[in-house]
Amino acid sequence: MSKAIKSLSVVAFVTLFALAFAFFAGVNSVEIYDAPTMYWCAWLALVINWLAFIPSAIAQSDKFYDSFGAITYLSVTALACYAAITTMGSLDTRGIVVAAMVAIWCIRLGTFLFIRIQAKGGSDSRFEKIKKNPPRFLAAWTLQALWVILTASAALSIITNEAREPIGIYFWIGAAIWVVGMAFETIADAQKSAFKSKDENDGDFINVGLWKWSRHPNYFGEITLWTGIFVIAIPVLSGLGWLVVISPIFVYLLLTRISGINLQEEQAKERWGDDPDYQEYRRKTPALFPKPPAMQG
């Protein structure tokens, strides 16, 4: 089987998986056009990324890949809100808050990633070879749509769920968890940007601020904030709707096993593996879950 056929097979499988997951996980969603809203959210995510792929493939550019990730999050959240309002008359408090959480997170992160990619000259090393191969590049864009649907599934379930429960303990616990996660990710990104902006730190690894507590505090923050949204969802979940538990699990696996920590750690070892200070930093500082420096051995 040729590499092109393999890549197109990935596109077909990911598409079918995304649609099937959204259809069954959205079993308690309000329906529009005779199907659960989450199902149409999956279609919207796929179409947005396929359309963005066309000019990107022609230009062999990944300049707007992350930006369209943020646009996809905003679009599926907007569709979910529209469906809930048109079928039930309004959004409840839980839905309003969660929609705002998703919007705040993706606008902040999307802006940060766009600024970062511009600073790098509009290119991401992850796509150096992929963007020159249209079938592989299409697979990458399709996988981004799946990433959005799986990650946002708990939020979409909350917004579109036919069951509406009073605000209670799960809401407040989940909201607190989200705030902690959002703060960690935002502060960690800001600290890293500030560190890299100083000429005296050129070529050095960051080990200040939250980066003293964890080697990847930004990833800890992202996992935490999606966990918070899932906790908020618990009171309205039932039956196959519980499939949205995949949201924080998927984010954790993605950032620790696939494209996050693994890649970052390999790059760090290549750059500073022989540096005694870096070896000491790795020995003392947890990879993900933060630990105060005073408690590090």
Side-chain angles (χ1 to χ4, degrees), residues 65-66 69-70 73 101-102 104-117 119-120 124-127 143-144 147-148 150-152 176-198 201-231 246-297:
Y65 184 83
D66 289 326
Y73 274 106
M101 286 175 168
V102 174
I104 290 168
W105 169 79
C106 75
I107 290 172
R108 200 288 307 175
L109 183 59
T111 303
F112 170 78
L113 293 175
F114 180 76
I115 293 172
R116 188 178 71 176
I117 198 72
K120 290 182 177 180
D124 189 327
S125 59
R126 293 176 300 169
F127 297 99
L143 284 166
Q144 176 160 257
W147 163 56
V148 171
L150 293 181
T151 303
I177 293 171
W178 183 88
V179 169
V180 170
M182 186 69 188
F184 254 87
E185 185 177 60
T186 303
I187 293 170
D189 283 342
Q191 289 175 338
K192 191 169 187 177
S193 294
F195 181 86
K196 286 189 171 185
S197 69
K198 297 179 181 178
N201 295 327
D202 186 37
D204 289 341
F205 63 92
I206 182 170
N207 60 349
V208 297
L210 291 178
W211 300 84
K212 276 187 175 182
W213 293 52
S214 165
R215 300 202 301 274
H216 302 280
N218 52 336
Y219 292 156
F220 168 78
E222 186 157 339
I223 293 166
T224 301
L225 68 87
W226 288 112
T227 300
I229 288 179
F230 170 72
V231 172
I246 193 66
S247 172
I249 295 173
F250 172 74
V251 175
Y252 174 81
L253 293 176
L254 178 70
L255 295 180
T256 61
R257 299 287 187 268
I258 302 173
S259 68
I261 289 178
N262 282 355
L263 294 178
Q264 295 288 330
E265 293 283 295
E266 283 300 318
Q267 292 174 357
K269 286 179 183 178
E270 289 178 8
R271 297 184 66 181
W272 306 296
D274 296 327
D275 184 338
D277 290 337
Y278 179 70
Q279 292 173 1
E280 181 71 0
Y281 175 67
R282 277 184 57 87
R283 186 185 69 80
K284 286 186 174 182
T285 311
L288 182 65
F289 294 99
K291 181 187 291 186
M295 298 175 62
Q296 296 172 11

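All residue numbers in this chain count up from 1 along the given sequence.
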Whether the side chain of [X] engages the backbone of [Y] through a donor-acceptor N/O pair (distance < 3.5 Å, no angle test) should be reported.
{"X": "Asn262", "Y": "Arg257", "result": "yes"}
{"X": "Glu222", "Y": "Val251", "result": "no"}
{"X": "Ser247", "Y": "Thr151", "result": "yes"}

For [X] against [Y], the heavy-atom pair lying closest together:
{"X": "Trp272", "Y": "Gly203", "result": "NE1-O, 2.8 Å"}
{"X": "Trp178", "Y": "Ile229", "result": "CD1-CG1, 3.8 Å"}
{"X": "Asp204", "Y": "Phe195", "result": "O-CE2, 3.7 Å"}
{"X": "Ala188", "Y": "Leu210", "result": "N-CD1, 3.9 Å"}
{"X": "Leu263", "Y": "Ile258", "result": "CG-O, 4.2 Å"}
{"X": "Ala268", "Y": "Tyr278", "result": "CB-OH, 3.1 Å"}

[X] side chain near [Y] side chain, heavy-atom distance below 4.5 Å:
{"X": "Ser193", "Y": "Phe112", "answer": "yes"}
{"X": "Asp277", "Y": "Phe205", "answer": "yes"}
{"X": "Ile261", "Y": "Leu255", "answer": "no"}
{"X": "Lys192", "Y": "Trp211", "answer": "yes"}
{"X": "Leu225", "Y": "Trp105", "answer": "yes"}
{"X": "Glu265", "Y": "His216", "answer": "yes"}
{"X": "Ser259", "Y": "Leu254", "answer": "yes"}

Distance from [X] atom [atom1] to [Y] atom [atom2], nearest 0.5 Å?
{"X": "Asp274", "Y": "Gln279", "atom1": "CG", "atom2": "CD", "result": "7.0 Å"}
{"X": "Thr227", "Y": "Tyr252", "atom1": "OG1", "atom2": "OH", "result": "11.0 Å"}
{"X": "Phe220", "Y": "Thr256", "atom1": "CZ", "atom2": "OG1", "result": "13.5 Å"}
{"X": "Leu253", "Y": "Ile246", "atom1": "CG", "atom2": "CD1", "result": "7.0 Å"}
{"X": "Thr285", "Y": "Trp213", "atom1": "OG1", "atom2": "CH2", "result": "12.0 Å"}
{"X": "Gln264", "Y": "Arg215", "atom1": "CD", "atom2": "CZ", "result": "11.5 Å"}

Going by the angle between their ring planes, with limits at 30° and 60°, are Tyr73 and Trp226 parallel, tilted or perpendicular? parallel

Tell me, please, which residues at least two apart from Arg108 pass salt bridge (charged side-chain N to carboxylate O under 4.0 Å, His left out).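 Salt bridge (charged side-chain N to carboxylate O under 4.0 Å, His left out) check on Arg108 returns Glu185, Asp189.
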
State which residue, out of Ile104, Leu109, Thr111, fulfils the side-chain contact (heavy atoms from CB on, under 4.5 Å) condition with Ile107.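 So, applying the side-chain contact (heavy atoms from CB on, under 4.5 Å) to Ile107 and each of Ile104, Leu109, Thr111, only Thr111 qualifies.
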
